[in-house]
Amino acid sequence: MENQQPKFELKEIQIEEKREKWDEKMAQMLKPDVYGYVLDEKIRETIVALNLLEINTTQSDQGNYSDSPWIQFEATAPENYYVGESELRAKVLEQKKLQPEVMDESSSFFDRSTQVDVWADSRDELMKNQAKYTPEFLKYLEDTQKMVEKMQSLIDEYYSYKTNLENEKMKIKITYPYADPHYASYLKQLPLLTISVSEDSKSEDERKLIVLQTQAEFLKFTEYLKSKYFQKE
């Protein structure tokens with residue numbers, strides 16, 4: 001009779017599988033997007049960890065254009081929010097004398113601003129006519145809310161280990177600072193993971209210091225997320 005494999009070895013195999021998934025996800029993040037941009041280096045591991053913890057991210061910045069890193073997250077949005085949207089979108093394209101390829105991100109004719117305008121025109125018209133949401137969009141709303149709750153749970157657990165938080169203003173939180181134009185009429189606002197910093201005017205040196213401080217807090221949070229992902233089951 002063969003000896004059973006020790007339980008701890010099975011766990012090591014699971015950890016190795018997680019490392020492989022981590023490396024695969026990181027390789028994806030190093031590929032340029034449709035606009036030729038590569039994910040910011042100082043927020044890359046945060047995005048990878050969140051994605052592997054089943055939190056879908058859509059936009060981010062490491063602090064290049066703000067005083068803090070930020071990450072927008074939401075469930076994967078469906079193509080159609082309203083019943084009849086595909087048909088109306090085709091009519092809008094025809095009225096504007098545009099080819100369908102301008103809406104296709106894999107096409108060389110893709111144009112982001114045109115895509116957003118066509119989405120908005122179609123959805124605004126359907127909203128005015130009180131069209132029904134598609135089942136896929138209702139599922140998207142539900143999944144996004146679950147994602148918000150999961151993210152808040154991760155934040156709460158992370159800060160439960162930090163009994164002496166040096167600066168409350170440096171605390172990571174979920175905010176809703178703006179609404180993306182192509183969602184404005186349909187979702188109140190999209191969730192953002194960031195550190196809310198005072199809007200008071202700052203010198204360039206003060207701003208650089210704040211960016212470094214907020215990046216340092218995101219780095220600590222990322223280490224927690226990584227340990228959460230790699231912890232043995």
Side-chain angles (χ1 to χ4, degrees), residues 28 31-40 43 47 50-51 54-152 173-197 199:
Q28 292 174 18
K31 294 179 180 178
D33 62 14
V34 292
Y35 308 105
Y37 294 110
V38 175
L39 192 65
D40 289 339
I43 208 167
I47 299 292
L50 288 172
N51 288 177
E54 300 182 340
I55 292 179
N56 185 58
T57 57
T58 50
Q59 296 187 68
S60 64
D61 176 63
Q62 66 181 9
N64 298 321
Y65 307 104
S66 60
D67 292 336
S68 167
W70 57 263
I71 301 170
Q72 181 179 293
F73 63 99
E74 58 180 309
T76 302
E79 182 179 4
N80 298 315
Y81 294 179
Y82 291 101
V83 174
E85 186 175 332
S86 290
E87 294 79 4
L88 182 56
R89 191 163 54 239
K91 289 181 182 179
V92 171
L93 285 169
E94 185 177 353
Q95 290 168 359
K96 293 177 178 286
K97 297 181 179 179
L98 296 169
Q99 296 299 317
E101 287 78 9
V102 298
M103 305 289 289
D104 183 0
E105 295 188 13
S106 65
S107 170
S108 59
F109 297 100
F110 171 69
D111 184 273
R112 173 65 172 173
S113 61
T114 300
Q115 182 193 56
V116 170
D117 288 343
V118 172
W119 276 341
D121 289 348
S122 304
R123 291 169 182 169
D124 285 347
E125 183 64 28
L126 289 162
M127 182 181 66
K128 289 175 185 175
N129 293 328
Q130 299 183 331
K132 292 183 178 180
Y133 288 140
T134 62
E136 293 80 9
F137 184 69
L138 291 173
K139 180 71 164 50
Y140 158 77
L141 293 177
E142 179 184 346
D143 289 346
T144 296
Q145 182 54 39
K146 289 179 180 177
M147 220 166 273
V148 169
E149 293 168 1
K150 183 172 184 177
M151 182 73 87
Q152 188 59 59
K173 60 190 71 176
I174 299 170
T175 64
Y176 300 81
Y178 67 91
D180 190 303
H182 72 274
Y183 290 106
S185 302
Y186 323 98
L187 298 178
K188 291 182 179 179
Q189 290 175 312
L190 296 176
L192 217 65
L193 183 72
T194 190
I195 297 175
S196 300
V197 184
E199 296 296 329

Legend entry - Contact check, side chains of L193 and I55, non-hydrogen atoms, under 4.5 Å: no
Legend entry - Contact summary for W70 and S66, nearest pair of heavy atoms: CD1-OG, 3.5 Å
Inset, instruction - For K146, check salt bridge (charged side-chain N to carboxylate O under 4.0 Å, His left out) against everything at least two apart and list the hits. - result: E142
Legend entry - T114 to M103 - nearest heavy-atom pair and separation: O-SD, 4.5 Å
Legend entry - I47 and D40, any side-chain heavy atoms less than 4.5 Å apart: no
Inset, instruction - Please identify each residue that fulfils side-chain contact (heavy atoms from CB on, under 4.5 Å) with A90, with sequence neighbours left out. - result: none
Inset, instruction - Mind checking the CD-CG spacing from E74 to L141? Nearest 0.5 Å is all I need. - result: 10.0 Å
Inset, instruction - Could you list the residues that satisfy side-chain hydrogen bond (donor to acceptor under 3.5 Å, both in side chains) with K150, not counting sequence neighbours? - result: none
Legend entry - Straight-line distance of I174 CD1 to S196 OG, nearest 0.5 Å: 11.0 Å
Legend entry - Test side-chain contact (heavy atoms from CB on, under 4.5 Å) applied to F110 - qualifying residues, sequence neighbours left out: Y35, E105, R112, Q115
Legend entry - Contact check, side chains of T57 and N51, non-hydrogen atoms, under 4.5 Å: yes
Inset, instruction - Under the side-chain hydrogen bond (donor to acceptor under 3.5 Å, both in side chains) rule, collect the residues that match up with K173, sequence neighbours excluded. - result: none
Inset, instruction - Using a 4.5 Å cut-off on heavy atoms from C-beta on, say whether the side chain of E136 contacts that of N80. - result: no
Inset, instruction - Identify, with sequence neighbours excluded, every residue that meets side-chain hydrogen bond (donor to acceptor under 3.5 Å, both in side chains) alongside S60. - result: none
Legend entry - Whether over 12 other heavy atoms sit under 6.0 Å from Q130 CD: no
Inset, instruction - Using the test side-chain hydrogen bond (donor to acceptor under 3.5 Å, both in side chains), find all partners of S113 that sit at least two apart in sequence or belong to another chain. - result: D111
Legend entry - Under the side-chain contact (heavy atoms from CB on, under 4.5 Å) test, residues paired with N56 that sit two or more places apart: T58, T76, M147
Inset, instruction - Heavy atoms only: give me the nearest Y82-R123 pair and the separation to one decimal. - result: CE1-O, 3.8 Å
Legend entry - Non-neighbouring partners of E79 that pass side-chain contact (heavy atoms from CB on, under 4.5 Å), sequence neighbours left out: R89
Inset, instruction - Can you see which heavy atom on P191 is nearest to which on F73, and at what distance? - result: CG-O, 3.1 Å
Legend entry - Sequence neighbours excluded, every pair satisfying salt bridge (charged side-chain N to carboxylate O under 4.0 Å, His left out) that has a member inside residues 90-101: K96-D121
Legend entry - Interatomic distance, L126 atom CG to E85 atom CD [nearest 0.5 angstrom]: 6.0 Å
Inset, instruction - Identify the heavy atoms of V92 and V118 that sit nearest to each other, and give their distance. - result: CG1-CG1, 4.1 Å
Legend entry - Residue pair I195 / S68: nearest heavy atoms and the distance that separates them: N-OG, 3.3 Å
Legend entry - Heavy-atom donor-acceptor pair, D143 side chain to A75 backbone, under 3.5 Å: no
